[in-house]
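To start, the structure under review is shown below, and the notes come after it.
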Amino acid sequence: MLDILTHLNRDDSTRIFIRGSAGTGKTVLATYLIKLLATDITNASIDDFNEDEIREVSYIKGFQLKYPNAKIGLVIAMSSLRKTLQRVFRQVPGLKSSMVIGPSDTFKSNVKYDLLIVDEAHRLRQYKNIGWRGTFKKNNQKLGLDNSGNELDWIMANSKNQIFFYDKAQSIKPSDIPETFFSRLLDDQQTIKLELHSQMRVMGGNDYIQFVDDLMNVKLHKKTVYQSSAYQLIYFDSLAELYRELGKKEQEHGLCRMVAGYSWPYQSEDDKTAIDIELDGLSFQWNQVTTDWVNSPNAFKEIGCIHTIQGYDLNYTGIIFGKEIDYNIETDKIEINRDEYFDGYGKLGVDDDEDLKEFLVNIYKTVFYRGIRGSFIYACNPNLAAYLKKHIPLFEKEPALRIIPFNQVKPYVNAVPLLDITAAAGNFSDLQIHSDFEWVELPFNLAPQNGYFVCKVVGESMNKRIPNGAYCLFRQDGGGSREGKIVLVQSTAIQDADFGSGYTIKEYHSKKIITDEGWQHSTINLEPLSDDLSYHTIELVSDELTNFKVVGVFDRVLA
């Protein structure tokens, strides 16, 4: 704040660019600055102030002497957010709703503004893909500009001093002014450049912001999985489960909303009875109000888009990746399908798919940054879902099987052991009866038997037969042919990303050779059964067969 006030007092005309990613407090700082500059501090007592506060007061006095009854405006390009902030300003002593204006409003005054503060400057528009070209053209003509003029030109022409809060990563539409226009101002030596670093919104902090950026730009290490005790980032295989969990958060905290990519037509805009989005047995309409939808009474029962939530804070965000965005396993890149993107103004005139992809990636990144406490994720396209699940923890359901207290366990009479493959804490060769295992009750139609055990199967390598996260019943291998069976195996030669070193679950196939002394394996192939083509057959040959052991044979999925 002191840097801003210092520069406002230093020169006759000041232009300040303040860069900051989502959640760094740009809107809070802009509002606080206007409150300071508009407050009468003529009789302020500084006896209890520290040194910085004394300097702050002196700079405010200097500005007020320089611009008596200063005309100050907070420019908000987005009409929904503008109306929300106007209500806020109306309730704050010393502020007026008329201080919050749109870019066109800068022409309404007979004199230049002493200071215009532009929040979300990346959303200022150019003469492209907008629905009010007539007014736009007239405003340009007032300044002697042709159609190449834009709202940035209006701000510069109608004010003596400007402060721009800017984040190019939140530009989401082709109507947004291209970065090159801002770069010209940033390259000007007269422009003061400041930066906000501290994360004020997201409880995951800057680490979360960086993670999302790397996730959406496919820059994460293959084994990186988001972990934080301060922020809940969870992937859901079921939208119904996501909505149910989001509902619990809504009851606990409020301000929890579902937001989706613009991958479904807005049919309910004209037909209020129409259903816009049907997924996983659920039916939704798009947001039925455009102004302050986040705070509207029916918002939790609807789904919002980027245009309804940009600039707003939520406690938890349920994010649906639509059919317009996908992941290419072969190229290891995010891809888009413009035919599945229904924001007409959002793609009109954007002929290059790479340019459109940049807008879509920015949209989803911006949505990721809305949730203060957490984000719940669901993706429509299987390949994208598989990619996201590699890096985002999967939702853990409440235990699907009842765990029996150890003092009540009757081994293989009323319970069987639940073993953790990923922990690989034992060799499973001797399922001893001890309290290191948890013991679970089988469904009523299954009788426990010696050699039975339960494992949770993680990952997508067997998803044609075993869903990710399923609890499965195995029986210890009793010998005999295993050909074509699904098996849990242990081998020092196995490296399986889903289960860790030494273990895997795959479909078993082997080739044998017959000698005078009998027969032996020549190769063992452990094949995935997955619609994710990134999983490959594990082939064990020669010396790799020495330490190979079938631990158990898959019986069925329990839950």
Side-chain angles (χ1 to χ4, degrees), residues 172 211-220 222 224-226 233-243 246 258-266 275-284 286 303-306 317-343 346-347 350 353-368 375-395 458-469 497-498 528-535:
I172 60 165
F211 172 84
V212 170
D213 186 72
D214 290 342
L215 176 75
M216 293 306 300
N217 289 292
V218 196
K219 292 181 179 178
L220 292 171
K222 289 183 178 180
T224 298
V225 179
Y226 182 78
L233 179 62
I234 304 172
Y235 187 89
F236 287 77
D237 275 321
S238 163
L239 184 62
E241 287 180 346
L242 186 157
Y243 192 51
L246 193 68
M258 296 272 283
V259 182
Y262 215 138
S263 187
W264 295 267
Y266 193 176
I275 297 299
D276 296 308
I277 300 170
E278 294 186 83
L279 279 175
D280 201 15
L282 302 179
S283 300
F284 296 96
W286 282 116
I303 292 179
C305 68
I306 182 64
T317 312
I319 304 172
I320 301 173
F321 280 78
K323 294 169 285 185
E324 87 286 13
I325 187 166
D326 206 349
Y327 170 76
N328 187 313
I329 296 171
E330 300 299 323
T331 63
D332 191 30
K333 290 182 179 179
I334 297 292
E335 291 185 347
I336 57 102
N337 181 350
R338 65 171 53 241
D339 293 335
E340 296 288 352
Y341 185 49
F342 292 96
D343 187 346
K347 65 180 179 180
V350 186
D353 279 357
E354 284 301 309
D355 290 340
L356 185 57
K357 183 175 88 169
E358 184 175 352
F359 284 123
L360 291 178
V361 166
N362 281 351
I363 285 171
Y364 280 103
K365 283 168 57 179
T366 302
V367 174
F368 263 112
S375 297
F376 295 166
I377 315 300
Y378 176 86
C380 293
N381 288 322
N383 286 348
L384 181 61
Y387 167 70
L388 295 173
K389 284 190 284 187
K390 287 179 181 177
H391 301 293
I392 299 175
L394 191 64
F395 171 64
V458 298
E460 300 290 336
S461 66
M462 298 296 291
N463 63 19
K464 290 183 177 180
R465 289 285 305 278
I466 304 174
N468 188 356
D498 287 337
L529 299 176
S530 177
D531 53 22
D532 183 342
L533 300 180
S534 66
Y535 289 98

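Starting from 1, each residue takes its place in the sequence as its number.
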Between CZ on residue F284 and CD1 on residue I303, distance to nearest 0.5 Å = 5.0 Å
note = Interatomic distance, CG@D276 vs CH2@W264, rounded to 0.5 Å, equals 10.5 Å
task = Go through the structure and list residues passing salt bridge (charged side-chain N to carboxylate O under 4.0 Å, His left out) with D213, not counting sequence neighbours.
result = K365
request  = Supply the atom-to-atom distance S375 OG to I319 CD1, rounded to the nearest 0.5 angstrom.
outcome  = 4.0 Å
task = Work out which heavy atom in I275 is nearest to a heavy atom in S283; give both atom names and the distance.
result = CG2-CB, 3.8 Å
request  = Mark yes or no for whether D280, through its side chain, and A240, through its backbone, hold a donor-acceptor pair below 3.5 Å.
outcome  = yes
remark   = Sequence neighbours excluded, the answer for salt bridge (charged side-chain N to carboxylate O under 4.0 Å, His left out) partners of K389 is D237, E460
request  = Dump the intermediate steps for side chain to side chain contact (heavy atoms under 4.5 Å, CB included) on L233 and V212, then the final yes or no.
outcome  = CA-CA 10 Å; L233 179 62; V212 170; 5.6 Å; no
request  = Please list, chain by chain and in numerical order, all residues satisfying side-chain hydrogen bond (donor to acceptor under 3.5 Å, both in side chains) with T317, sequence neighbours excluded.
outcome  = none
task = Quick one: pull up CD1 in I320 and CG in L279 and give me the separation to the nearest 0.5 Å.
result = 6.0 Å
task = Using the test salt bridge (charged side-chain N to carboxylate O under 4.0 Å, His left out), find all partners of E335 that sit at least two apart in sequence or belong to another chain.
result = none
key: Expected output: side-chain N468 to main-chain G459 donor-acceptor under 3.5 Å   = yes
inquiry  = For D531 and N463, which I'm curious about, is there any donor-acceptor pair between the side chains at under 3.5 Å?
reply    = yes
note = Output for pair (L282 CG, S238 OG), nearest 0.5 Å, gives 7.5 Å
query = Does the side chain of S530 pick up a donor-acceptor pair with the side chain of D532 at under 3.5 Å?
reply = no
query = Taking C-beta and beyond as the side chain, do L215 and I392 meet within less than 4.5 Å on heavy atoms?
reply = yes
message = The criterion is side-chain hydrogen bond (donor to acceptor under 3.5 Å, both in side chains); which residues satisfy it with T224, sequence neighbours excluded?
response = none
ask   = Mind checking whether V350 and E358 have side chains closer than 4.5 Å, heavy atoms only?
value = no
Under the ring-ring contact (aromatic ring centres under 6.0 Å, His included) test, residues paired with Y364 that sit two or more places apart = F321
V218: side-chain contact (heavy atoms from CB on, under 4.5 Å) partners, not counting sequence neighbours = Y327, D332, I334, Y387
key: Set of residues satisfying side-chain hydrogen bond (donor to acceptor under 3.5 Å, both in side chains) with respect to D343, sequence neighbours excluded   = H307
inquiry  = Restricting to ring-ring contact (aromatic ring centres under 6.0 Å, His included), what partner residues turn up for Y341, sequence neighbours left out?
reply    = none
Could you tabulate the donor-acceptor pairs under 3.5 Å formed by side-chain atoms of residues 377-386, not counting sequence neighbours?
residue	atom	partner	partner atom	Å
N381	ND2	K323	O	3.4
N381	ND2	I325	O	2.9

message = I need the E324 CD to F342 CZ distance, nearest 0.5 Å.
response = 9.5 Å
Qualifying residues under ring-ring contact (aromatic ring centres under 6.0 Å, His included), relative to Y262, sequence neighbours excluded = W286
Minimum heavy-atom distance G346-L356, with the two atoms named = O-CD1, 3.8 Å
query = Got a sec, which residues hit salt bridge (charged side-chain N to carboxylate O under 4.0 Å, His left out) with R338, two or more places apart in sequence or on another chain?
reply = D353
